[in-house]
> 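Let me begin by handing over the structure; questions about it come next.
Predicted model only: the values in this text are computed from it and were never measured. Note on naming: letters A, B, ... go to the chains in the order of the sequence lines (proteins, then strands), and numbering restarts at 1 for each one.
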Amino acid sequence: MLLQVTASSLPSKSNLYPFQIYKNPIEPAQLLALSLKTATFNHPLISSRLISLYTHSKSTSLDHVRSLFDQFQQPTLFSWNTLIKSYVQNQRSQESLFMFLDFMTLSGLMPDVFTLPCVIKACGRLMALKEGGQIHGLVFKLGFGSDLFVQGSLVGMYSKFKDIGSARKVFDQMTERDLVTWNSLLDGYVKDGEIELAMELFDEMTERDVVSWTVMVDGLSKCGRVDDARKVFDEMPRRNFASWNAMINGYMRAGDFISARGLFDVMEDKDIITWNSMIAGYEHNGRCSEALKLFTKLLNLGYVPTHSTLVSTLSAISWSALLSKGRWVHSYMVKNGHKLDGVLGTSLIEMYCKCGSIETALKVFESIPNKKLGHWTTIIAGLGTHGRYFNMMIKDYKIEPTVEHYGCLVDILCRAGHLEEAKNVIESMPLKPNKVIWMSLLSASRIYKKVEIGEYAAQSVTEIDPSFIESYVLLSNMYAATGNWDKVSRVRDAMRKTGVKKDAGCSLIEYRDEVHEFIAGDKSHPRTHEIYHKLSKIRERLKSVGYVADKSQVLLHIEGDDEKETELESHSERLAIAFGLISLKPGIPIRIVKNLRVCNDCHSVTKHLSKIYDREIIVRDNSRFHHFKHGSCSCMDYW
DNA sequence: GTAGGGTTAG
């Protein structure tokens, strides 16, 4: 609490003092003390000035200003406007609209040409179509139909709604238009995907500023014309951060992180969005180690990470399963007071889930006071096996399930072997099932050898994404598991025809803050000799416990069982495990990330190894976690 | 007599 006002505050008899305060600069705390002493706290000029001073003071948070505001007997229109605007500026548009609602019902005042642009902007940000329409009606009723700022902001709002028709209508009715209004409309065309019309409008403009140009750079790159975007970028008479950032993001969207990096390196001054764009871009393009390097660099250079910096960084950490780094970021967040009740909480939970620390993920989940949809989705997906959170979500928290939640339900049913029931859920759910859901069903069909359902699921996946390799692999594995070799070769023919190729298997392991990467049959690691020596030891140990290799899932067409066995032995996760065994101290769990689904044989071998070497081995493949301990796996042989 | 609308990351 910033202050407590107990003195009954009456307007001053002296009329001179409230006017004088505008002439001389004054510290907010100084004016507050003065107003309390002279009982002028509620004077309209004083209260307005107080709100203004505290709003602009960097050391005062918006919530503090709000608590000051709440103590006024009758806040002025100016004070309302200032706070409503501050909420929008602080990315708290929802609260801005709530405050506007309070204003309309409680204040007894009417909005003016300063109030309306703020709330119209909030509607645009929130995509609040209904409220936006109502406020548009209010604008007419109050007779602000010819105010440039109000009309201009309506153009902006409809542009955000991608309702270019309404934006254009308001625009055409305006008696005067300034550059900001033109730019709003230009952005509307871009948001609506009408790049040709945007270009026409751009040519029509007699005056353009850096925003107009930037909107074009952004628009062209967003519809895949990154080379044209670059041409516009090069033609620009002047550029600001947003222009550079738009171009960088254009390249990142096109997957051209080399060109993006080129621009980044050339930039003399960078803002935090530049860094965030690079980190997010690298992360989207699967270059997580580059993303993490930049995160370290920006900290060293003294930039202050924002929410989105942390979200992207956590995401990069999740993909590479660098638990120690994730813990560091978590503690950084705690130290710097980042709240976890939004996307950031979701990212953190996801990071712990994907880095194999489900207990910490649960702890984080439980520590979040106002759990939102995303937190549930993430933790449920992470828990996987722990079913029946579904009803609690609907009943206790009144959250509408999304496709992901149905996905979890299907997964749970599949695990329990209720494949028909799972199929029924998919067919009767109110949302369109996605690839992931069909894959759960397909995966279960393989385990439970339900060929018919499996074929149905595989077909559905192929309809959604014909080039999705995993469905072919699973279908083939299912046929292999049921001894249907004829159909196995037919699947391979289908793969050849559609031109899908299996990615090379790749496993990562973290050792001494470095990531070591292995591909199948890899001989490039500096300690290759030791690793293969360890592999031969492993083979002996396995033989001594009577282990026989399961060769049913070797996808490559290799003649003769011996070759199959050799192929299995050099699977990337085996190399990573061998490396883990020789380099990590006994007792420390071996954590591995793999890009493909773990094969049957590696799975049973890893179970044995966890017992033989008394080691916890945690493997994250592309669909779930395998926590190997004392000879068994947390997935209960279902994956 | 302090206050309003447009571009870039998530």
> Return the value, rounded to whole Å, for the distance between atom CZ of A:R125 and atom P of B:dT8.
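So the two atoms are 10 Å apart, to the nearest Å.
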
> For residues 200-207 of chain A, dump all side-chain donor-acceptor pairs below 3.5 Å to protein atoms at least two apart in sequence or in another chain.
none

> Using whole Å, report how far CD1 of A:I248 lies from P of B:dA9.
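Atom-to-atom, A:I248 to B:dA9, this comes out as 11 Å.
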
> Let me know the distance between CD1 of A:I84 and C1' of B:dA3, rounded to the nearest Å.
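Between C1' of B:dA3 and CD1 of A:I84: 11 Å.
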
> Using a heavy-atom cut-off of 4.0 Å across all strands, would you classify A:V113 as base, sugar-phosphate, or nothing?
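Answer is base: heavy atoms of A:V113 come under 4.0 Å of a base.
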
> Quick one: list whatever passes side-chain contact (heavy atoms from CB on, under 4.5 Å) with A:K121, sequence neighbours left out.
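Counting only residues at least two positions away or on another chain, A:K121 forms a side-chain contact (heavy atoms from CB on, under 4.5 Å) with A:V88, A:R125.
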
> Using a strict heavy-atom distance below 4.0 Å, which residues from residues 309-339 of chain A are in contact with DNA chain B?
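The stretch gives none, as no residue of it lies under 4.0 Å from the strand.
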
> A:T360: what forms a side-chain contact (heavy atoms from CB on, under 4.5 Å) with it, not counting sequence neighbours?
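Testing A:T360 for side-chain contact (heavy atoms from CB on, under 4.5 Å), a comparison that skips the adjacent residues, returns A:Y352, A:S357.
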
> Are the side chain of A:S159 and the backbone N or O of A:S184 linked by a donor-acceptor pair below 3.5 Å?
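The answer is yes, because a donor-acceptor pair under 3.5 Å joins these two groups.
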
> Would you kindly check whether a donor in the side chain of A:D112 faces an acceptor in the base of B:dG4, or vice versa, at under 3.5 angstrom?
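Answer is no: no donor-acceptor pair is held.
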
> Closest approach to the side chain of A:T306, judged atom by atom: which nucleotide of B:dA9, B:dT2, B:dA3 is it?
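Nearest to the side chain of A:T306 among the choices is B:dA9.
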
> Is there a donor N/O on one and an acceptor N/O on the other, under 3.5 Å, for the side chain of A:D178 and the base of B:dG5?
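Counting by modelled atom types and ignoring angles, a donor-acceptor contact under 3.5 Å is found here.
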
> Expressed in angstrom and rounded to an integer, what is the separation of A:I120 atom CD1 from B:dG5 atom P?
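Result: 11 Å.
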
> OP1, OP2 of B:dA9 versus side-chain N and O of A:R253: anything below 4.0 Å?
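Yes, within the criterion.
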
> Side-chain N or O of A:K121 versus OP1/OP2 of B:dG5: is the shortest distance under 4.0 Å?
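Result: yes.
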
> Toss me the dot-bracket line for DNA chain B: Watson-Crick and G-U wobble, both under 3.5 Å, 5' to 3', using | for pairs to another strand and [ ] for crossers.
..........

> Measure centre to centre between the rings of A:F98 and A:Y87, then say whether the value is under 6.0 Å.
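No.
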
> Do the side chain of A:S153 and the base of B:dG4 come within less than 3.5 angstrom through a donor-acceptor pair of N or O atoms?
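Side chain to base: no pair present.
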
> For A:L294, which of A:T309, A:I279, A:N276 qualifies under side chain to side chain contact (heavy atoms under 4.5 Å, CB included)?
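Result for side chain to side chain contact (heavy atoms under 4.5 Å, CB included) with A:L294: A:I279.
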
> Using a 4.0 Å cut-off on heavy atoms, which residues in residues 273-280 of chain A reach DNA chain B? List them by number, or say none.
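DNA chain B contact set from residues 273-280 of chain A: A:I273, A:N276, A:S277, A:A280.
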
> Taking only residues at least two apart or on different chains, which pairs with a member in residues 250-272 of chain A satisfy side-chain hydrogen bond (donor to acceptor under 3.5 Å, both in side chains)?
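side-chain hydrogen bond (donor to acceptor under 3.5 Å, both in side chains) check on residues 250-272 of chain A returns A:S221-A:R253, A:R230-A:Y251, A:N245-A:D271, A:D256-A:S259, A:R261-A:D265, A:R261-A:Y282, A:D271-A:T274.
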
> Pairs of donor and acceptor atoms involving the side chains of residues 143-156 of chain A, under 3.5 Å and at least two apart or interchain, shall be tabulated with distances.
residue: A:D147; atom: OD2; partner: A:F149; partner atom: N; Å: 3.0
residue: A:D147; atom: OD2; partner: A:V150; partner atom: N; Å: 2.9
residue: A:Q151; atom: NE2; partner: A:F144; partner atom: O; Å: 3.4
residue: A:Q151; atom: NE2; partner: A:G145; partner atom: O; Å: 3.3
residue: A:S153; atom: OG; partner: A:F149; partner atom: O; Å: 3.0
residue: A:S153; atom: OG; partner: A:V150; partner atom: O; Å: 2.8

> Under the ring-ring contact (aromatic ring centres under 6.0 Å, His included) rule, collect the residues that match up with A:Y303, sequence neighbours excluded.
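Counting only residues at least two positions away or on another chain, A:Y303 forms a ring-ring contact (aromatic ring centres under 6.0 Å, His included) with A:W275.
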
> Where the side chain of A:T181 is defined as all heavy atoms beyond and including C-beta, which of B:dT7, B:dG5, B:dT2 is the nearest nucleotide?
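Side chain of A:T181 sits closest to B:dG5.
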
> Is the phosphate of B:dT7, meaning OP1 or OP2, less than 4.0 Å from a side-chain N or O of A:K160?
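True: A:K160 side-chain N/O within range (under 4.0 Å) of B:dT7 OP1/OP2.
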
> Who pairs with A:S243 by side-chain contact (heavy atoms from CB on, under 4.5 Å), at least two apart in sequence or on another chain?
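Result, side-chain contact (heavy atoms from CB on, under 4.5 Å) vs A:S243: A:V210, A:T214, A:F233, A:M236, A:R239, A:N240.
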
> From C-beta outward on A:V215, which listed nucleotide comes closest to its side chain: B:dA9, B:dT7, B:dG5?
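Nearest listed nucleotide: B:dT7.
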
> Should the ring pair A:H136 and A:Y158 be called parallel, tilted or perpendicular, given that the plane angle runs from 0 to 90° and is split at 30 and 60?
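Because their plane-to-plane angle lies in the 30° to 60° range, the rings of A:H136 and A:Y158 count as tilted.
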
> So what does A:D218 hit on the nucleic acid, given a heavy-atom distance under 4.0 Å: a base, only sugar-phosphate, or nothing?
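Sugar-phosphate contact only.
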
> Residues in ring-ring contact (aromatic ring centres under 6.0 Å, His included) with A:H338, at least two apart?
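Only A:H307 meet the ring-ring contact (aromatic ring centres under 6.0 Å, His included) criterion with A:H338.
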
> Just to confirm, is there a sub-4.0 Å distance from OP1 or OP2 of B:dA9 to any side-chain nitrogen or oxygen of A:H307?
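No, A:H307 has no side-chain N/O under 4.0 Å of OP1/OP2 on B:dA9.
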
> Figure out the CD1/C1' separation between A:I26 and B:dG1, and round it to whole Å.
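Atom-to-atom, A:I26 to B:dG1, this comes out as 17 Å.
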
> Within this structure, what is the CG-to-P distance between A:L50 and B:dA3, rounded to whole angstrom?
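One finds 15 Å between P of B:dA3 and CG of A:L50, rounded.
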
> Please answer whether B:dG4 and A:F149 are stacked, defined here as ring centres separated by less than 5.5 Å and planes angled under 30°.
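Check passed, A:F149 stacks on base of B:dG4.
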
> From C-beta outward on A:L148, which listed nucleotide comes closest to its side chain: B:dA3, B:dG5, B:dT7?
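Nearest to the side chain of A:L148 among the choices is B:dG5.
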
> Base, sugar-phosphate, or nothing for A:D271, non-hydrogen atoms under 4.0 angstrom?
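The residue A:D271 makes no contact with any strand.
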
> Is the ring of A:F241 stacked on the base of B:dT8, with centres less than 5.5 Å apart and planes under 30° off?
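No; by the centre-distance and plane-angle rule, A:F241 does not count as stacking on B:dT8.
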
> Without decimals, in angstroms, what is the distance between A:N245 CG and B:dT8 C1'?
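Taking CG of A:N245 and C1' of B:dT8, I get 5 Å after rounding.
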
> Restricting to side-chain contact (heavy atoms from CB on, under 4.5 Å), what partner residues turn up for A:D192, sequence neighbours left out?
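side-chain contact (heavy atoms from CB on, under 4.5 Å) list for A:D192, sorted by chain: A:K162, A:I164, A:E194.
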
> Check whether A:W319 forms a cation-pi arrangement with A:K354 (NZ or CZ under 6.0 Å from the six-membered ring centre, at most 45° off the ring normal).
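Yes, A:K354 lies over the aromatic ring of A:W319.
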
> Under 4.0 angstrom, heavy atoms only, what part of the nucleic acid is A:S308 near: base, sugar-phosphate, or nothing?
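The answer is base, as A:S308 lies within the cut-off (heavy atoms under 4.0 Å) of a base atom.
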
> Atom CE of A:M174 and atom C1' of B:dG5: how far apart are they, to the nearest Å?
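For the pair A:M174 CE and B:dG5 C1', the rounded distance is 9 Å.
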
